[in-house]
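Structure first, commentary second.
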Amino acid sequence: MNWQALWADGAVISVHALVALLAMGAGAIQILAPKGTLAHKTLGHAWVGAMGVVAVSSFWIHEFQWFGPFSVIHGLSLLVLATLLYSIGAIRRGHITAHRNSMIQLYVLALVLTGAFTLVPGRTMHAVLFGG
């Protein structure tokens with residue numbers, strides 16, 4: 001792995017990418033581990049915080065600019081923040097199915113799918129994982 005490629009892109013992108021990687025790992029544990037336990041709740045709080053950092057930090061990343069300094073990716077970040085709020089509200093109201101479904105969708109769409117797009121040649125994470 002070529003971590004130098006990540007550090008070369010600056011602090012915002014480095015933090016964004018590293019926290020996203022942590023959220024991927026924590027999210028996988030959340031999906032697979034038993035639900036409703038203290039460990040699930042504790043890791044869930046950390047995961048929500050990590051996803052918040054990933055979403056908010058994206059507003060300082062302007063690699064793609066379609067609408068002034070922003071792109072569709074920034075719209076996705078707003079959707080991530082809204083989904084986090086919805087999911088937290090759902091579990092607080094006891095709507096376990098809504099909470100579970102929205103959190104899994106958030107994991108798959110906001111981390112796995114968008115993460116796959118970062119592996120396209122020419123992008124930072126492609127350089128980190130495959131060199132170049």
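Computed from heavy atoms alone, side chains included, the values below leave out hydrogens, waters and symmetry copies.
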request  = May I ask you to decide if the ring planes of H126 and F130 are parallel, tilted or perpendicular, using 30° and 60° as cut-offs?
outcome  = tilted
ask   = Do L106 and I31 share a hydrophobic cluster, counting only Ile, Leu, Val, Met, Phe, Trp and Tyr and linking them when any side-chain heavy atoms are less than 4.5 Å apart?
value = yes
ask   = Do T114 and L76 come close enough that some side-chain heavy atom pair is under 4.5 Å?
value = yes
task = Considering non-hydrogen atoms only, spot the tightest contact between M51 and A110 and give its length.
result = CE-CB, 4.0 Å
task = Evaluate whether atom CD1 of I96 has more than 12 neighbouring non-hydrogen atoms of other residues, nucleotides or ligands under 6.0 angstrom away.
result = no
Partner set under side-chain hydrogen bond (donor to acceptor under 3.5 Å, both in side chains) for H16, not counting sequence neighbours = S57
request  = Please report the shortest heavy-atom distance between L84 and G52, naming the atom on each side.
outcome  = CD1-N, 3.9 Å
message = Given 3.5 Å as the limit, does a donor-acceptor pair link the side chain of W47 with the main chain of A23, or not?
response = yes
query = Quick one: does V56's side chain get under 4.5 Å of L81's, heavy atoms only?
reply = yes
Greater than 12 external heavy atoms within 6.0 Å of R93's CZ = yes
inquiry  = Within the structure provided, determine whether V54 and V15 are in side-chain contact (heavy-atom separation under 4.5 Å).
reply    = no
query = How about V48 and M103: do any of their side-chain heavy atoms sit closer than 4.5 Å?
reply = yes
ask   = L18 versus W3: any side-chain heavy-atom pair under 4.5 Å?
value = yes
ask   = If only atom types and distance count, is the side chain of T42 paired as donor or acceptor with the main-chain N or O of A39 below 3.5 Å?
value = no
message = Is there a path of hydrophobic side-chain contacts, each under 4.5 Å between heavy atoms, that joins L43 and V108?
response = no
Backbone N/O of S102 and side chain of Y86: donor-acceptor pair under 3.5 Å = no
key: Note, L129 side chain near L119 side chain (heavy atom, < 4.5 Å)   = yes
ask   = Should W7 and W60 be counted in the same cluster of Ile, Leu, Val, Met, Phe, Trp and Tyr side chains packed under 4.5 Å apart?
value = yes
ask   = Do the side chains of I29 and M24 join up, straight or via other hydrophobic residues, at under 4.5 Å, putting them in one cluster?
value = no
query = For atom NZ of K35, is the number of surrounding heavy atoms from other residues, nucleotides or ligands below 6.0 Å larger than 12?
reply = yes
ask   = Can V112 be reached from V80 by stepping across I, L, V, M, F, W or Y side chains whose heavy atoms are under 4.5 Å apart?
value = yes
task = Check the angle between the aromatic planes of H99 and H40 and answer parallel, tilted or perpendicular using the 30° and 60° thresholds.
result = perpendicular
remark   = Distance col, row Q105:CD vs L113:CG, nearest 0.5 angstrom, shows 12.5 Å
key: Heavy-atom side-chain contact between M125 and L21 under 4.5 Å   = yes
